[in-house]
Amino acid sequence: MTDLIWLVVAIPLVGAAVNLFLGKRIGEPLSGWIGFGAVAASFLIAVEPMLGFFAGDSEPSTHFLFSWIPVLGVNAELLWDPLSALLTMIVTGVGALIHLYSIGYMHGDERFPRFFSYLNLFIASMLILVLAANYAVMFVGWELVGLSSYLLISFWFTKPTAAAAGKKAFIVNRIGDWGFLVAMMLIFAAFGTFDFDIIFGTAPGVLSVTMATAITLLLFVAAAGKSAQLPLYIWLPDAMEGPTPVSALIHAATMVTAGVFMMARSAVLFELAPVSGGIVATIGAATALLAAVIAVSQRDIKRVLAYSTISQLGYMVLGVGVGAYTAGVFHLTTHAFFKALLFLGAGSVIHAMSGEQDMAKMGGLRKKMPITFFTMGAAWLAISGIFPFSGFWSKDEILAATFAQGGAWYLLWGIGIVVAVLTAFYMTRLFVLTFLGKPRWDADAHPHESPASMTIPLIVLGAFTVSFGLVNTPFRLSFEHFLEPSFHGIPHVEGLTNVLITSLASVTLVVAIAGIVVAWRRYRVDELPVEVGGWWDRALVGFGVDDLYGRWIVAPGRRASELASRADAVVLDGAAHGIATGVRSAGEALKPVQSGRVRTYAGILAVAAVALVVVTVLVGGGF
Amino acid sequence: MSEVIVFVIFAAVALVGAISMVSARNPVYSAMGLLSTMFSLAVLYVVLDAHLVAAVQVIIYAGAVMTLFLFVIMLIGVDKADAYGRQVPAQRIMTFVVAIGFFAAIALAARSAWITGSGAFGDPEMNGTIEAVSDELFGTWTIVFLSTVMLLTIAAVGTIALAYFGAEVEDEEALL
Amino acid sequence: MIALAVTTSWYMMLAAALFSIGVAGVLMRRNALVMFMSIELMLNSVNLTFVAVGSDLGLIEGHVAALFVIVVAAAEVTVGLAIIVAVFRKRASADADQLAELRG
Amino acid sequence: MESASLLPVAFEVALLVGALLLLLVAVVAERKASVWGPLVGVTFLLSAVAGLWQWMDVADNGGGLFFSSQNFAIVRSPMVVMDEFSALAAMVLGTVGFVSFLGSWDLQSRLGKRGVEFSVLMLLGVAGLHMMTASPNLVVIFVGLETASIAFYILAGFTRKTRESDESALKYFLLGSLASALFLYGTALTFAATGSLSIYGANSIRNFFADQIVTDPGILLVGLALMLVGLMFKTSAAPFHQWAPDVYQGAPSGAVGLMAAGVKVAGFAALARIFMGGMISQVDIWAPILAVVAALSMIVGTVMALVQDDVKRLLAYSGVAHAGYLLAAIVAGPEGLEALWFYLATYAFMIVGAFTVVSIVNGPGAGPTPISSLKGLASRSSETAWLMAIIMLGMSGMPFFAGFVGKVLAFVAVEEAGYLWLVVVGALTTVIGLVFYLRVVITMFSSETDDSAGVDSLEVSITSRFAVVIAAAVTLTFGVLPWPLLDFVRSAIPF
């Protein structure tokens, strides 16, 4: 079955094409089932070869598709190894469930077939990204993911906020893409190839530390764009302007994991650049902390989840930064389950509340929607890090790996612990406010449980959320062994005794429980605490980072461009303006030199000529 | 020794002519300065045994080209108000710096030897008579000589295109 | 009196001086005609270099090169003067500094 | 001279004969556009065929040096060289000439009787350009350079009713002549230093360097530097670029395509021939200097293009940046020649296509063309807008477009030559450059339209459309499938 791997990518592509061109004729709900079927088929094709890795009787293999840019030796090749197999399973598995859920959720939308076309394209792009056997193919997937996320976030483009959010995601991701492109150029310059096999096989001998640092930092810029790390995270909270299944897809299974996946894939390079590792870990921890703090204050149920995603991604990046690649990928996996569950659950709630997203107007939904309640409860415990739910194991592993580094890394570990408290706190807040207590609904709300196409995915995801952590406990490292072939012999984090592991795990568990208890006592009351003024307001708007960008980057850019040419306002919005501003002002400063006078030009020509003569003679030793 | 005297005299005339060309306010005087430089160079060509070049220099450059220049000066009128370097203050300083710097750079670079190429290839008895030059011109350089047809066609066609203001100009209205 | 002989260096130095003066003329003058004359002066000084080197090394190529330069210069003069005349007819001036509408 | 020995100059002969026929036909046929127009096109195509013929001949019989005085065996002073390099140049220049002729047909047909003169200048200008690439003799290169330059000075000032046209011509002429004089002085000083005017042959610059260690290189270095100045001026590399935006902006849009494309092709080919053919042993001297100029060109071109409000100026500055990338390929030495040719061959079509679009939008005789005139082009002629978008993306160096392949090849070669910093500068400017190329694209696809440009759907003549389609097709084809062209250019290493 391994030979059929190309089908995994091809089927969703075909599905996307079918829905794009024939969607109107096929109509609802059949086009939804086609979309779901395509992804499910990919999943089924991938299962059997994946099991081979689990059984330990399969070798990683590359699959040549066609010769793409022969002069650079670039082929369209897919790499089937445990890491890509795992991601394929997540992308197609969780993706299929989200498709199924969307059939119910998008019911009645006039562009229903188009939505499934985009979803399939998204899945296919992500599969190209994870199955790539070289950086060039990966970049294609990377770009396609950016494109399809843009299409999906601004799916309801008539809503101005949705259109703006799509644009924001697109622009911020472009900054990351630049990092990827430059990194690719450096990689090609150093290795003369984009092939993972050759690069990772020869890197320790070929790459100087400086070069490795440069490449990995650029890769991190790219990852920071996709995986929403400081300072490029600003697109993600806005990205929930898209339909909720899209948020689930972006936040859980696909887009945001791309950055972490890419860094894990490049683990060999990161191993060679300790400085990069430090920077990556620090930024990861900082992102986790900032996002967790902001999440505490949010009132919109989806915004809480959005910031929690950023925070959890911070954990994964921290894991990669400290060299615990397996732990990072493990957390990615468990996070994919419980975050998809949370978003779908939130979608179910919003669906039931006829579009209400403010948690202050929910409460007491437990009775009305039991399935959603129970499944989300599992996700709540998992993300809070309660034993033995999946999130506990993966989070603990990252923190333990950080602790094991010692020295200044204790600080990052401390931050991780603080984030764990905060996570437990805000998730409990979300859960209590939504499902428990007295109903605080508007008069015209009639909450009801969602249809089966929406609840079945919740149940399946719930099962994984509860159990998947057991795949890799510190005492049973099957996940680690499974991924081993993908990390080219990078050693596991050492230096942890069983006692230490147990006590660290206990610490994490204790702080998580503490967070839950504090939140429980605060919110499980009849009169909700008033959360306005001072700190709450500032945190609610994300500490005004968007404003800050607006004031320091976007606004001056706007002003300069309005002065120079008003057409430019159309061209660039958002952060990209900041870079442009500096360059533009240089250009404006140079404009007077281009005075239009022939004599000035002749003068500059002559001065330059004399300078060139003098320099040439000096270089050549003629004086 | 006589060669030295000839060189000194005509080099001086050439330099004075060049400087007066650059500095004269009246374009007519500029043209006269250039003319005297060209004549002195013709003399120096003779000293260098470049007889044909000397003749062509006098006939084409001093004769045809400079006449054309003077003709155009007369056509467009002598604009005596043309002071130099008035509008751009830094221009004049830059000019001197560039000119002197350029000369100094070349002189410095060449202070030990102007000619590093070995003379072994050449013919020490060479004399730039008409025969010698035409042997070369119509031997090795034939194809280049023929290629100047293109140059001259361009010059003729181009001059008509630019300076002939006939009825065709009206056609251009269609462009605007 | 020391016996002085005119070496090729003298000619080359003269040519370099004339060339520099030509450069100065292009930079200093506003009248397009005089700028153009300065360029002709530069071509002349190059010719002097070609001829002097050719004679010194016994290479007739130097002389031939000078002839070609003269041909090119002649063609350039016709076209250049035509351009200047065209400018003058439209603007009644041959002041290069006044032609500065295209800039930035 | 045997008859076969006309082959090395077949390209020039084809164009010259075509031009002279054209002048004759124009007299006989009273300058009916329908009569002489096809003749020009056929001449350009024939010249490209001549290039192909040369290529095949070289493949069979090997290249060679031609037109010595007596003895072909000991070629003392060759005037023409025929090899893959010059044959490829002929093919590129012939086809680029053809496409730019198609693109400028709107202009020529509307010039009425003067259209013939325009065509003659185009034909002979292209012939002059090819002389620069097909001669090993510095003086002949100069003659070719001047032939092309003088033709283009006239083309820049061809539309006398357009206000800016004469300013453009005068600027181009004065500055161009100054640069030509500097180049010529450079050749004279090189002649003084090496005793040779020729790159190849018995008494050649190559042999001069091969035979002796240059102990006193002073004057040679000055000559080398001045030749660089002249050629870098013609190819508009910073800081010798200032003429380009003004000239392009003022010249009639229909004429700019050839000016911009042809001079770049020939200028860089000549640069490669002189410096890699004749002075490769001095590479340690000229390569670092070219690297600095390349970096400066990339930066200045990119930065200035960002702040332009005129499409033609924008394209001119982007041309400065492209000159930087092309120079980078030369910095890489012979390894970079493949990249140089690929880049040149594709860029030439892109720039011709871009200027054709400009002349479609604002009229082929117009001077300044504000970017705002492109507003809403997509709704006025969606085909043109899409093709222009392809060309812009190609220029920006997006993957899957020809510009990307050229850039990557150049950067790889440069890195191998040890100029990592130049690669970094190139990568950064490429990224910044995206902004202004995308600005053009976004302007075209914006929903608002410019009142002054009109809102009606745009009439696109068949010739212009053909030119733009060819340009876009080249951009896309060689972006996705670069190797046919790459196999081709790889053999075009001159020595």
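First the proteins, then the strands, lettered A, B, ... as listed; each starts at 1. These values consider heavy atoms only, across backbone and side chains, with no hydrogens, waters or symmetry-generated copies.
- Residues Ala109(B) and Val617(A) come closest through the heavy atom pair CB-CG1, 4.1 Å.
- Heavy-atom contacts from other residues, nucleotides or ligands closer than 6.0 Å to CD1 of Ile130(B) number 12 or fewer.
- Phe138(B) CZ: more than 12 foreign heavy atoms inside a 6.0 Å radius.
- Taking both residues in full, the closest heavy atoms of Val610(A) and Gly101(B) are given as CG1-C, 4.3 Å, listed atom of the first, atom of the second, then distance.
- The minimum heavy-atom distance linking Met94(B) with Ile604(A) is given by the pair CE-N, 4.5 Å.
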